[in-house]
Amino acid sequence: MARYNPKEVEPKWRERWEKAHVFKTREDGSRPKYYVLEMFPYPSGRIHIGHVRNYAMGDVIARFKRAQGFNVLHPMGWDAFGLPAENAAMQTGSHPETWTRRNIADMRGQLKEMGLSIDWSREFATCDVEYYRWQQKLFLDFWKAGFVDRRESYVNWDPVDMTVLANEQVIDGKGWRSGAAVERKKLTQWVLKITDRAEDLLAAIDDGRLANWPDNVRAMQRNWIGKSKGATIWWPIASVPSFLPRATPDGGRGGGPNHGADPVEVFTTRPDTLFGASFLALAADHPLTAAVAAHSPEVAAFVARAAQGGTSEADIEKTEKFGVDLGLRVKHPFDPSRELPVWAANFVLMGYGSGAIFGCPGHDQRDHDFATKYGLPITPVVLPEGEDAKAFSVADKAFTGDGKLYNSEFLDGLSVDAGIEAAIARLEKLDLGKGETQWRLRDWGVSRQRFWGCPIPAIHCPSCGVVPVAEKDLPVKLPDVPAAEFATPGNPLTRTPPWLNVPCPKCGEPAKRETDTFDTFVDSSWYYARFAAGRTDKPLDKDAADYWLPVDQYIGGVEHAILHLLYARWFARAMKATGHLSVDEPFQRLFTQGMVTHATYQDSRGRWIPPEEKQEIDVSYESAAEDSFGHNPIQGILANLEGSPREFVERYEEQTNYLGKYLYVGVVQTGSHDQDLPLLVGSIEKMSKSKKNVVAPEVIANSVGVDAARWFVLSDSPPERDVEWTEAGVSGAWKLVNRIWDLAEPHEGLLARADPGKAPADADIDLRRATHATIAGVSDDIEHFRFNKAIARIYEFLNALKSFTATPALRDADLRSAPQGEAERKIEPHPEEPRSGVSKEARAEALYALVRLIAPFTPHLAEEAHEHIGGKGFVCDAPWPKADPALLVKSTVVLGVQVNGKRRGEIEIAADATNADAEKAALALDEVKRHIGSGAVKKIVVVPGRIVNIVAG
RNA sequence: GCGGGUGUGGCGGAACUGGCAGACGCGCCAGACUCAAAAUCUGGUUCCCAAAAGGAGUGUCGGUUCGACCCCGACCACCCGCACCA
């Protein structure tokens with residue numbers, strides 16, 4: 001029979017789909033809508049397996065919902081602005097747009113080969129003028145609404161590339177590309193005021209609006225927003241040295257009329273421990289520290305030393321705490337007669353709170369470390385439950401738990417929570433502090449000093465200041481810049497006078513355009529809405545947006561759990577406030593899929609070896625013990641290894657333990673590299689070019705077809721976990737494709753001859769039950785993103801189907817005695833001679849269900865098989881099969897029988913049998929009798945349909 | 001340190017609301033077909049005991065229950081995110 005040939009079949013169906021426009025989304029209010037969206041790709045050049053998995057998942061959902069009768073929107077586009085295009089331009093001398101457009105064309109072709117049910121008519125790239133012009137309009141609306149600000153802030157500046165770097169692009173204090181030491185530079189940046197919505201962005205995480213998001217993503221967002229409740233406290237400076245700045249008119253609040261300088265502002269979450277305060281500590285870059293440093297070489301030396309330590313690195317833990325006494329004293333808010341020293345300390349950060357803390361060494365470990373080092377007093381003020389006040393000590397370690405306050409005057413006896421409230425009340429009464437909430441979340445700096453991005457529509461006028469571009473003048477298009485311009489570092493926009501020089505929209509005098517472009521996260525913050533409701537004359541069509549949004553299912557990598565998803569959430573709120581949208585949460589359900597990983601290989605010199613260049617060898621135990629030269633090859637290989645052969649040795653031992661008979665000697669590279677160098681089997685990692693463990697999707701598509709690739713990336717591992725790419729796994733998927741094809745092949749035209757809708761005879765009941773149980777199970781699994789289980793169910797069904805199709809006479813047992821030549825028939829069951837009693841109708845029903853159930857996973861194969869068995873039209877247009885509830889109920893059930901909780905046998909009884917029947921049947925079993933023995937039956941627990949447990953003693 | 005998650009055969013993983021642990025796939029073993037191999041097909045495959053009978057078994061220890069991978073308590077290991085966040 002004909003071998004299934006994906007190279008012919010797959011393109012054929014893609015052409016047919018395209019010709020019939022089957023995946024074009026029609027506005028249709030009569031059907032319920034379903035919007036499936038995968039995070040759109042950055043056009044880096046090629047599709048990789050990770051994309052395949054991401055889009056295969058989305059496509060399963062899209063096709064499934066479509067078959068269920070939903071009006072499905074499943075679009076695709078390109079996150080097309082960004083740094084790599086400019087870097088490529090610098091290296092290759094081509095324009096960023098040329099590079100980007102070429103990549104898009106390549107990747108579009110590759111994506112189309114995947115057979116995705118995408119409405120390509122809605123495709124756009126964020127670098128299309130028709131997209132970014134509306135982004136500029138949204139920005140102007142946000143500006144008008146007060147969501148935009150301009151602020152001075154520090155940025156990472158690469159002096160060689162002359163650009164701002166994101167924190168992730170700074171490696172060990174150096175630019176990731178240029179390797180130049182990064183400078184901190186103060187720039188005026190455009191800012192979107194996302195902190196204004198911090199409260200609501202946080203509230204939505206826990207009030208049910210994000211109920212269908214993964215817990216870890218919600219937790220990450222919660223942490224990132226970082227709300228902490230506490231108090232701001234103003235500590236009056238006791239005696240003010242002359243060199244300190246004079247008090248500002250409003251800054252002296254609470255300090256009384258005659259303190260001479262502003263009080264020191266401190267934020268704390270534990271105002272209840274105020275009586276345990278023994279010092280104040282300021283950040284090294286706190287203004288007050290700077291003021292003292294100007295007059296004290298010792299303090300200046302401290303500031304210099306503190307600046308050396310890596311501030312953002314993870315090895316902060318190792319950094320020793322150190323500080324310096326500033327020589328200032330402050331008055332305790334609750335007892336002005338008590339004065340505390342003011343220190344500067346390296347562990348206090350200017351970027352959080354007010355850059356100053358009060359140290360309570362008894363109840364904060366960092367303060368404890370610091371106080372111990374510098375001999376500052378340590379006073380306990382919280383007594384744990386059940387501890388004796390005299391015996392309790394915090395000399396060795398800070399106590400951070402709950403308890404009762406003591407040593408705290410008016411707070412004595414209160415719990416921590418009550419103490420916090422009482423302390424805040426007193427502070428507010430004294431006008432020395434107030435209850436306050438601090439956020440970890442910062443406003444979003446969107447300025448990038450780059451060319452390849454959406455221009456920020458603003459104009460700098462010498463007399464009017466910063467002025468928005470008039471709406472009639474939109475879009476602010478990127479100017480035509482010769483490709484050669486990109487060879488020079490910096491932003492070409494600053495060197496393009498005809499574009500740069502414009503009249504001020506307000507006064508008409510000569511002015512200059514803003515040369516910053518938007519962070520590309522802005523582009524991806526609203527694309528989902530544009531897909532759904534794009535219009536040529538405005539950002540969105542509100543009616544269409546109201547119909548389609550929110551996105552019903554969003555799918556992407558967990559690496560976007562914080563920034564992209566947070567920005568998109570804020571953007572939706574801002575768009576709602578400016579009348580463009582009606583939703584504030586754009587993504588109803590979120591799914592974060594795992595990565596595709598692959599084993600890595602390294603030779604003994606540490607070079608990465610591509611998987612296709614390695615060769616596995618097995619050596620039998622006998623030959624391993626001694627080869628023809630009388631050497632043990634394992635020992636030989638191990639002896640040759642340079643560096644650390646640990647990984648290799650572990651694998652080797654593992655294999656001997658299990659197999660005994662065979663030794664997995666490992667992997668020897670062949671091909672272009674040195675022969676017979678032992679290869680280390682490395683860890684299993686995310687596919688990456690640097691580790692040479694990538695597998696190109698097109699290579700798979702050209703051999704076993706995209707259906708097999710799609711099937712593979714969805715089988716085995718649950719979708720949220722990583723899946724390891726293995727050759728064995730791919731060949732398994734290929735085998736599956738052929739199994740299904742073999743089933744369809746002998747039944748050519750079956751649907752035409754049988755009516756799968758006609759209720760078949762009773763004798764078919766087992767097959768029909770299997771069919772309907774599979775329909776119900778697969779539907780439920782897809783609905784709940786359990787693709788691996790849906791696939792397992794399909795395998796189970798195939799196994800069942802086979803037992804119905806193969807005639808018992810041709811089973812293995814009979815084959816041995818069968819005459820020569822008879823075996824041929826076993827491989828190819830006769831289509832018209834199925835197991836006795838199974839009708840054409842039952843088989844037609846089973847196969848028709850099968851092709852529709854596999855369609856979301858392997859759409860080309862489904863179409864081909866469907867056509868082969870005589871189906872009309874497209875499978876992707878066919879309705880999703882419905883399970884008949886009557887066939888999901890069994891007439892008899894098998895119950896496990898336990899004695900004292902251990903399984904001892906099973907009984908098969910009618911599904912509607914009474915408990916008494918079940919008990920009787922269970923007690924009649926020989927195994928049960930034996931295990932009860934001479935003991936008395938004390939109790940019998942019967943769970944109908946599940947189990948019988950006999951308690952005997 | 002804080003937050004989230006995960007621990008089940010040789011491997012990836014199933015097990016519904018507390019009810020037959022190991023579905024399904026891979027790998028492996030045996031057999032059929034073949035001169036042989038590949039492919040395919042059939043059967044087997046948690047561990048211990050030669051087998052049967054039996055026993056043990058879901059990271060560890062304890063608890064609740066007729067019954068625990070599942071619930072509770074304490075711990076261990078690993079993964080992810082954040083992090084001198086006051």
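Per chain, numbering begins at 1; letters A, B, ... match sequence-line order.
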Using atom P in both nucleotides, what's the gap between B:A37 and B:G31 to the nearest angstrom?
11 Å

Using atom P in both nucleotides, what's the gap between B:G4 and B:G55 to the nearest angstrom?
42 Å

Distance-only polar pair, side chains of [X] and [Y], donor-acceptor under 3.5 Å:
X	Y	answer
A:E919	A:N915	no
A:T195	A:D443	yes
A:R739	A:N799	yes
A:S228	A:Q438	no

Identified ring-ring contact (aromatic ring centres under 6.0 Å, His included) partner of A:F279 from the options A:W343, A:F370, A:Y374, A:W235
A:F370

Once you apply a heavy-atom cut-off of 4.0 Å, does [X] come out as touching a base, just sugar-phosphate, or nothing?
X	value
A:V558	nothing
A:V951	sugar-phosphate
A:N900	nothing
A:V348	base
A:Y795	sugar-phosphate
A:K938	nothing
A:T269	sugar-phosphate
A:P214	nothing

Quiz item: [X] side-chain donor-acceptor pair to [N] base, under 3.5 Å:
X	N	value
A:R366	B:C84	no
A:N949	B:C66	yes
A:K939	B:C66	no

Nearest-nucleotide check on RNA chain B, A:D367 vs A:P718; residue mapping nearer the 5' end is A:P718

Is the shortest heavy-atom distance from the side chain of A:Q221 to the side chain of A:L565 under 4.5 Å?
yes

Flag side-chain contact, heavy atom, 4.5 Å: A:L714 against A:I791
yes

Syn or anti: how is B:G9 classified when any glycosidic angle within 90° of 0 counts as syn?
syn

Distance test, side-chain N/O of [X] to OP1/OP2 of [N], below 4.0 Å:
X	N	answer
A:R904	B:G55	yes
A:R440	B:A83	yes
A:K902	B:G55	no

Is the closest basic N to carboxylate O distance between [X] and [Y] below 4.0 Å?
X	Y	value
A:D780	A:K789	no
A:R366	A:D369	no
A:R903	A:E906	yes

N/O contacts under 3.5 Å, protein versus nucleotides 15-17 of chain B?
| unit_1 | atom_1 | unit_2 | atom_2 | d |
| --- | --- | --- | --- | --- |
| B:A15 | OP1 | A:K789 | NZ | 2.0 |

Please list, for nucleotides 4-7 of chain B, all pairs of protein and nucleotide N/O atoms separated by less than 3.5 Å.
none

According to the interplanar angle, ranging from 0 to 90°, do the rings of A:W711 and A:Y795 count as parallel (below 30°), tilted (30 to 60°) or perpendicular (above 60°)?
perpendicular

For A:K373, look at atom NZ and say whether over 12 heavy atoms of other residues, nucleotides or ligands are found less than 6.0 Å away.
yes

Under a cut-off of 3.5 Å for both distances of each Watson-Crick or G-U pair, what dot-bracket string does RNA chain B give, using [ ] for crossing pairs and | for inter-strand pairs?
(((((((..(((......[....)))((((((.......))))))(((.....)))..(((((..]....))))))))))))....

